[in-house]
2 protein chains.
Amino acid sequence: MSDGTLTHTQRALLELRQKILNGSIPGGTRLYEVALAEDLQISRTPVRAALSQLAEEALLERGKGGGFVVRSFALADVVDTIDLRGVLEGTAARYAAERGVSAEGLAGAEKALLEIDRLLQRETVDMDAYSALNTQFHAVLADLSGSITLKREIERITALPFASPSAFLEDHNRLDALARTLGAAQAQHRAIIEAIAGRESGRAEALAREHARAARRNVEFLLSQETVLREGLSSLALLTG
Amino acid sequence: MSDGTLTHTQRALLELRQKILNGSIPGGTRLYEVALAEDLQISRTPVRAALSQLAEEALLERGKGGGFVVRSFALADVVDTIDLRGVLEGTAARYAAERGVSAEGLAGAEKALLEIDRLLQRETVDMDAYSALNTQFHAVLADLSGSITLKREIERITALPFASPSAFLEDHNRLDALARTLGAAQAQHRAIIEAIAGRESGRAEALAREHARAARRNVEFLLSQETVLREGLSSLALLTG
DNA sequence: TCCGCCGTAAATGTATACATCACGTGCAAA
DNA sequence: TTTGCACGTGATGTATACATTTACGGCGGA
């Protein structure tokens, strides 16, 4: 199993997660073990295992008398969740500033910033690479907080596709606007780290909150476009309503 | 099953949760399905089901190659988690103030406050009843936020025994100090609702944060006592270190 | 001595048969 | 017509046998 093979549970987990995230299985749908087992050509046992893991990821919720239901996310939930990420990352930044960070921690953050800089200097930005670096920077920020509980909750929120710090980036169709967005985001990144290094806790918290707010504006802009243009928004495929 | 009977899964869930919370199974312990199944006199299937639910509750974490490990909570984690509850409840209070609450919502909060008042007027306070009402008030507050995501995260954090709004109340040994604590808490409750009703979002957020801070002080006080006096702290039984 | 291979044991992964529960449906009686 | 019960269907709950994986230790050879 250390080779390319996956366990049936893992395969079921991947397939079901994919189907939920891309909207193939809409919110509110009740998932039946037998049907899924037949569909995936496996027995009920690994299906159950996969379902319970998806419940841990907050993509499913347990129904009344057993069973699982796909969670519904309305537009308001998306906005609230992004704001919640801002609150949590703001708290992480504040903790980092208040409690102080190690030289290595700060160096890790600076390194991430420099790598993003290097990427943004290019003519055309490799969005996959940017997403990875951006996600990494946010992970470092959560680490700098020094709070395991907080880091875990940030990871949890961030696992939702529309609340990820790198959500919606590939959905941009106007490249000039995207370039400006990325440049502004990077400026905020740098300011947050600067505030942390300078022990300016209030500024660090406010900046991190505002940084998430930019992501929120991005969503609201994308959703304000014509219906046709919204079709391909991969991060929002699981929305209901 | 709607009668007094529980499924084996439910029984296993209750017993395991209890053992983790009271420290019978210390943090870091790996749980083996076969051993637990023999211990509980059931098969592995319901044991697995119970374990995955405990993982959802954040009491267990999944090990590397499958399997579950009891989560370890250090003192610093407890304090951080209580503060995080303050941050989240503060956000809930701020949202409620910013967005406004319905008349019914406000009435529900006032009703909870009055019931707590009535309880506190008595000579000796029924702590179980107080805990229930206090928990209910905090649930109402989370509701007033109008954010499903936020409410869910508050519920999640609050499910940890040491981060519950009613944690440590029964652990108090000095009754006069306890009475003062409860009175002060109720004053904060009232101020929070007053701020929400008056749309004072900044005040509402700060008050809710400070309200959790009082819980944090309470923990720190209890833990500063002699070792002998700390033995019975039921909410802290699962601490490691 | 050290490295690597193989075998064994103990763990999780999986399939399947059966038990039990929940809910709807239809019939019968008031 | 309405109410309530009985029953069937389809779902989850449970036990168990077997498969597969992994970790570890001993043994052999370099």
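Every chain is numbered from 1 and lettered A, B, ... according to where its sequence line falls, protein lines coming before strand lines.
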*Asks:* Can you tell me how far C1' of dG13(C) sits from CG of L51(B), to the nearest Å?
*Replies:*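 Going from CG in L51(B) over to C1' in dG13(C) covers 15 Å.
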*Asks:* Looking across every strand, which nucleic acid part, if any, lies under 4.0 Å from T9(A) by heavy atom: base, sugar-phosphate, or nothing?
*Replies:*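 Sugar-phosphate: the residue T9(A), judged by heavy atoms under 4.0 Å, touches backbone atoms but no base.
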*Asks:* Would you mind reading off the distance between R48(A) atom CZ and dT14(D) atom C1', rounded to a whole angstrom?
*Replies:*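 The answer, rounded to whole Å, is 9 Å.
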*Asks:* Quick one: do R71(B) and D77(B) make a salt bridge, cutoff under 4.0 Å?
*Replies:*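 No.
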*Asks:* What integer distance in Å separates I42(A):CD1 from dT16(C):C1'?
*Replies:*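 Nearest whole value for this atom pair: 14 Å.
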*Asks:* Taking the nucleotide of DNA chain D with the nearest heavy atom to each, does G67(A) or K64(B) sit closer to the 5' end?
*Replies:*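 Final value for this comparison: G67(A).
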*Asks:* Name the orientation class of the two ring planes belonging to F162(A) and F73(A) (parallel below 30°, tilted from 30 to 60°, perpendicular beyond 60°).
*Replies:*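 The rings of F162(A) and F73(A) stand perpendicular, inter-plane angle above 60°.
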*Asks:* What is the distance, to the nearest angstrom, from the CZ atom on R62(A) to the P atom on dG13(D)?
*Replies:*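 In whole Å, dG13(D) P lies 9 Å from R62(A) CZ.
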*Asks:* Is a salt bridge present between D83(B) and R94(A), judged by a nitrogen-to-oxygen distance below 4.0 Å?
*Replies:*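 No.
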*Asks:* When you measure from the side-chain N and O atoms of H8(A) to the phosphate of dT20(D), is any distance below 4.0 Å, counting only OP1 and OP2?
*Replies:*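 False: H8(A) side-chain N/O out of range (4.0 Å or more) of dT20(D) OP1/OP2.
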*Asks:* dT12(C) C1' sits how many Å from F68(B) CZ, rounded?
*Replies:*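 Atom-to-atom, F68(B) to dT12(C), this comes out as 11 Å.
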*Asks:* To the nearest Å, how far apart are R44(A) CZ and dA17(C) C1'?
*Replies:*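 Those two atoms, CZ and C1', are 11 Å apart.
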*Asks:* Contact class for R30(B) vs. all strands (heavy atom < 4.0 Å): base, sugar-phosphate, or nothing?
*Replies:*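 R30(B): backbone/sugar contact only, no base atoms under 4.0 Å.
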*Asks:* Check this one for me: any side-chain N or O of T45(B) less than 4.0 Å away from OP1 or OP2 of dT14(D)?
*Replies:*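 No, no such contact exists.
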*Asks:* Can you check the L31(B) CG to dA10(C) C1' distance for me, whole Å?
*Replies:*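 One finds 16 Å between C1' of dA10(C) and CG of L31(B), rounded.
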*Asks:* Quickly work out the Q53(B) CD to dG13(D) P distance and round it to whole Å.
*Replies:*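 Rounding to the nearest Å, CD of Q53(B) and P of dG13(D) are 9 Å apart.
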*Asks:* Should R44(A) and V34(A) count as side-chain neighbours, where that means a heavy-atom distance under 4.5 Å?
*Replies:*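 Yes, their side chains come closer than 4.5 Å.
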*Asks:* Taking the nucleotide of DNA chain C with the closest heavy atom to each, which residue, V34(B) or Q41(A), is nearer the 5' end?
*Replies:*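 So the residue in question is V34(B).
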*Asks:* So H189(B) and H211(B), would you call those rings parallel, tilted or perpendicular, with 30° and 60° as cut-offs?
*Replies:*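 Because their plane-to-plane angle is over 60°, the rings of H189(B) and H211(B) count as perpendicular.
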